[in-house]
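Single-structure report; data block below.
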Amino acid sequence: MTTTQTARLRNFIDGEWRDSMATEGLDVINPATGDVLGRVPLSSAAEVDAAVQAAGKAFPGWRRTPVTERVQFLFKLKALLQQHGEELARTITTECGKTITESRGELQRMIENVEVACGAPILLQGDFSEDIANGVDEFMIRQPLGVCACICPFNFPGMIPFWFMPYAIACGNTYVVKPSEKVPLTMQRIAELIEQAGLPKGVFNLVNGTSETVDAILDHPDIKAVSFVGSTPVAKHVYARAAANGKRAQCQGGAKNPIIILPDADLETTTRITADSGYGCAGQRCLAASLVVMVGDARKPFTDALAEAARSRVMGHGLDEKVQMGPVISPQSKARVETLIGKAMQEGATPIVDGRNAAVSGFERGNFVRPTLLDNLNPNGEIIRTEIFGPVLGLVHMKTIDEAIAFVNSGAYGNMACIFTTSGANARKFRCEAEVGNVGINIGVAAPMAFFPFSGARESFFGDLHGQGRHAIEFFTQTKVVVERWPKEWTRQF
Ligand code: NAD
């Protein structure tokens, strides 16, 4: 029996599974059925300390393990993740609600990060300059930092820890993962696979919990670097507290992603991709489209086509292969999304498709919100600026591409912006002028591959080095520059 079937989740510390000492816990609930899947303990600062002590103890041995040996563990982990892929995808769907196809996609993205981290032997290489002065050489090496940690959100329970953890470990650091308390089962199972892969004890640790556990991570003097993904207010809190405690921090926050549609865009492709961006994962992707900016004559055909896409999307339990959209994560989330839809209408928006009060037969306790399409969002209202994180697309209308780009740049967030057009010159202008970290051109979810940084900007990101690829390698290493001289006169002649 795997731990995903047991009632109370455990922490994985110093190579062993430990029952948390916490008396308090939270139920983990299947968002499609309302069934309780387990109970997550709210681990205390003492348990974070135990994990950090274990990671600290493991660090000297792990950092001196040759990188070529360290990555062998990642190769084994990759094989195990693939071998258990379908089971992991089903776990993601069961606790997070997304469709099984979306969970398989998440898993693929997760594995790609392991693959890229396996390149650590070359990615970690330093620089060498001979003869920077007479008889003097200078070189730069990268060394691991020590104990590092990540704090994760609910919407990608498998992938997001992998934007950081495989790179940290490949670089010679030791690690603590704190999954989202809403979706801890996936990481619990992955920790079992990590154990099976034979990583030395203490190199990887898992501590469950919520804000108290997070603050214990942020305050722990022996944690050198923290990676965070979640909402902007918490990202700001984590960034400020980690920095105040002398840690490196990279904090990815919320989003309000716009898609610009120019009149020359291809109707069929643009509609399909835009609807998938807005309604895929029930709008709970940090790269989900939230605003559709129609330019000029795009308005009529694309509004009609998006309305049809919203109405026809098949909603239900994500394990049903026919289903195209699952529930939102919790009853609180459903209530919040529905309140925001109502608020947009009070502010003057017209509901073309109103997804509130949805029910799916057989899943009456599920947190379902149907795809929603709102026209004429109030440009001075609150909803045009607020992250909804649900299946809601709001339409705004502009006369020119310049107005549309100015609108994109006027938002507080900078996670992603996309444009749909058949004009290269307009696409190029947009690519250059959009003030966001990830740009899509005829792409609806511009998710960077694992060998590119997951760039976010402005209120969507706090820090400088992002997750994934070379940025992760830099984040998880300290550069050391050595300048050395070996005078000939000191050397015995042979
Ligand atoms: P959240 O901010 O509520 O929680 C994220 C993590 O922070 C969790 O582990 C949680 O336990 C912890 N946390 C929550 N409140 C805290 C507090 N007051 N003090 C300390 N820790 C706290 O986010 P969520 O609801 O799990 O995830 C959705 C959010 O994440 C959305 O805003 C979404 O845009 C964002 N997100 C961003 C990206 C990105 O790459 N920029 C990716 C995925 C999700």
Side-chain angles (χ1 to χ4, degrees), residues 25-26 28 31 40-43 45 48 95-98 106 109-110 113 149-164 176-184 186-187 206-219 226-242 249-257 281-290 328-330 332-334 336-337 340 367 386-390 411-416 436-438 445-448 452-463 466-468 471-472:
L26 292 170
V28 183
V40 64
L42 305 188
S43 305
V48 169
E95 67 175 349
C96 186
K98 62 181 70 172
E106 171 173 352
R109 290 283 182 159
M110 181 175 109
N113 276 286
C150 73
I151 300 154
C152 307
F154 78 81
N155 62 332
F156 283 92
M159 175 185 74
I160 286 179
F162 281 73
W163 286 350
F164 314 108
V176 180
V177 172
K178 204 296 282 174
S180 163
E181 63 281 8
K182 296 183 186 122
V183 293
T186 304
M187 241 0 253
L206 175 75
V207 181
N208 288 291
T210 176
S211 49
E212 197 191 323
T213 321
V214 171
D215 288 346
I217 289 173
L218 301 176
D219 292 343
V226 172
S227 306
F228 170 87
V229 183
S231 59
T232 291
V234 184
K236 282 183 177 169
H237 163 74
V238 170
Y239 192 59
R241 194 150 165 172
Q250 48 179 193
C251 300
Q252 303 189 204
K256 183 82 180 172
N257 303 308
C281 295
Q284 300 174 120
R285 273 193 289 229
C286 65
L287 296 179
S290 179
V328 295
I329 189 70
S330 63
Q332 294 77 7
S333 177
K334 175 178 159 99
R336 209 194 81 254
V337 172
L340 291 174
N367 316 313
T386 306
E387 178 176 40
I388 297 178
F389 223 55
Y413 296 107
N415 217 30
M416 180 191 82
V436 298
N438 301 293
V445 179
F452 282 97
F454 194 100
S455 293
R458 299 190 283 147
E459 291 281 294
S460 299
F461 182 71
F462 305 93
H466 298 82
Q468 299 198 146
H471 272 219

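Sequence positions, counted from 1, serve as the residue numbers for this chain. Counting convention: from 1, in listed order, for ligands and their atoms alike.
- Of the candidates Leu218, Val183, Asn155, Asn155 brings a heavy atom nearest to atom 44 (C) of ligand 1.
- Checked against Cys152 for a side-chain contact (heavy atoms from CB on, under 4.5 Å), the options Pro184, Ser227, Pro157, Pro161 give a single hit: Pro161.
- Looking only at protein heavy atoms, the nearest one to atom 28 (C) of ligand 1 is Phe389 CE2, 3.6 Å.
- Considering all non-hydrogen atoms of both residues, Gly437 and Ser455 come closest at O-CB, 3.1 Å.
- Taking any N or O of Trp163, backbone or side chain, none lies under 3.5 Å from an N or O belonging to ligand 1.
- A 4.5 Å side-chain heavy-atom check between Phe389 and Asn155 finds at least one atom pair inside the cut-off.
- Under the salt bridge (Lys or Arg N to Asp or Glu O under 4.0 Å) criterion, Glu459 pairs with Lys236, sequence neighbours left out.
- Side-chain atoms of Glu181 do not come within 3.5 Å of backbone N or O of Val40 as any donor-acceptor pair.
- Annotation: Ser211 places no N or O atom under 3.5 Å from an N or O atom of ligand 1; distance criterion only.
- Residue Ala447 comes nearest to Leu287 through the heavy atom pair CA-CD1, 3.4 Å, listed as atom of the first residue, atom of the second, then distance.
- At the top of the distance list for atom 24 (P) of ligand 1, counting protein heavy atoms only, stands Phe154 CD2, 3.6 Å.
- Residue contacts with ligand 1 for Leu287 are absent, since no atom lies close enough (heavy atoms, distance under 4.0 Å).
- Scanning Pro179, Gly254, Gly230 for the heavy atom closest to atom 35 (C) of ligand 1 points to Gly230.
- Of the listed residues (Ile151, Leu26, Val229, Ile217), the one carrying the non-hydrogen atom nearest atom 5 (C) of ligand 1 is Val229.
- Counting heavy atoms under 4.0 Å from ligand 1, residue Cys152 touches it through the backbone alone.
- Distances below 4.0 Å separate heavy atoms of Ile160 from the following atoms of ligand 1: 42 (C), 43 (C).
- With a heavy-atom cut-off of 4.0 Å, Arg285 does not touch ligand 1 at all.
- When non-hydrogen atoms are compared, ligand 1 lies under 4.0 Å from the side chain of Phe228 (C-beta onward) but not from its backbone.
- On a distance-only criterion, Ser231 and ligand 1 share at least one N/O pair closer than 3.5 Å.
- Of the heavy atoms in Val238, none comes closer than 4.0 Å to ligand 1.
- Neither the backbone nor the side chain of Tyr413 comes within 4.0 Å of ligand 1, counting heavy atoms alone.
- Considering backbone and side-chain N/O atoms, Thr232 never comes within less than 3.5 Å of an N/O atom of ligand 1.
- Among all non-hydrogen protein atoms, the one lying nearest atom 14 (C) of ligand 1 is Val234 CG2, 4.0 Å.
- Taken to the nearest 0.5 Å, the CZ atom of Phe228 stands 10.0 Å off from the CZ atom of Phe164.
- For Lys256, there are no salt bridge (Lys or Arg N to Asp or Glu O under 4.0 Å) partners two or more places apart in sequence or in a different chain.
- When only non-hydrogen protein atoms are considered, atom 39 (C) of ligand 1 lies nearest to Cys286 SG, 3.3 Å.
- Heavy atoms only, all atoms of each residue included: Arg458 and Val436 are closest at NH2-CG1, 4.4 Å.
- Counting heavy atoms only, Glu387 comes closest to atom 34 (O) of ligand 1 of the residues Gln284, Glu212, Glu387.
- For the pair Cys286 and Ala255, the tightest heavy-atom approach, listed with the atom from each and the gap, is O-CB, 3.3 Å.
- The shortest contact between atom 12 (C) of ligand 1 and any protein heavy atom is with Val214 CG2, 4.0 Å.
- Considering backbone and side-chain atoms together, Gly253 places an N or O closer than 3.5 Å to an N or O of ligand 1.
- Ranking the protein heavy atoms by distance from atom 27 (O) of ligand 1 puts Pro153 CB, 3.4 Å first.
- Of all protein heavy atoms, the one lying nearest to atom 10 (C) of ligand 1 is Glu181 OE1, 3.5 Å.
- Of all the heavy atoms of Asn415, the ones lying under 4.0 Å from any atom of ligand 1 belong exclusively to the side chain.
- In plain terms, the two heavy atoms of Gly390 and Val328 that are nearest each other are CA-CG1, 4.5 Å.
- Distance check on atom 2 (O) of ligand 1: some protein heavy atom falls below the 4.0 Å cut-off.
- In this structure, the side chains of Phe156 and Val183 stay at 4.5 Å or more apart for every pair of heavy atoms.
- Looking only at side-chain heavy atoms (C-beta outward), Asn208 and Thr213 stay at 4.5 Å or farther from each other.
- When all heavy atoms of Asn415 and Gly456 are compared, the pair lying nearest together is OD1-CA, 3.6 Å.
- At the shortest separation from atom 40 (O) of ligand 1 among protein heavy atoms lies Gln252 NE2, 2.7 Å.
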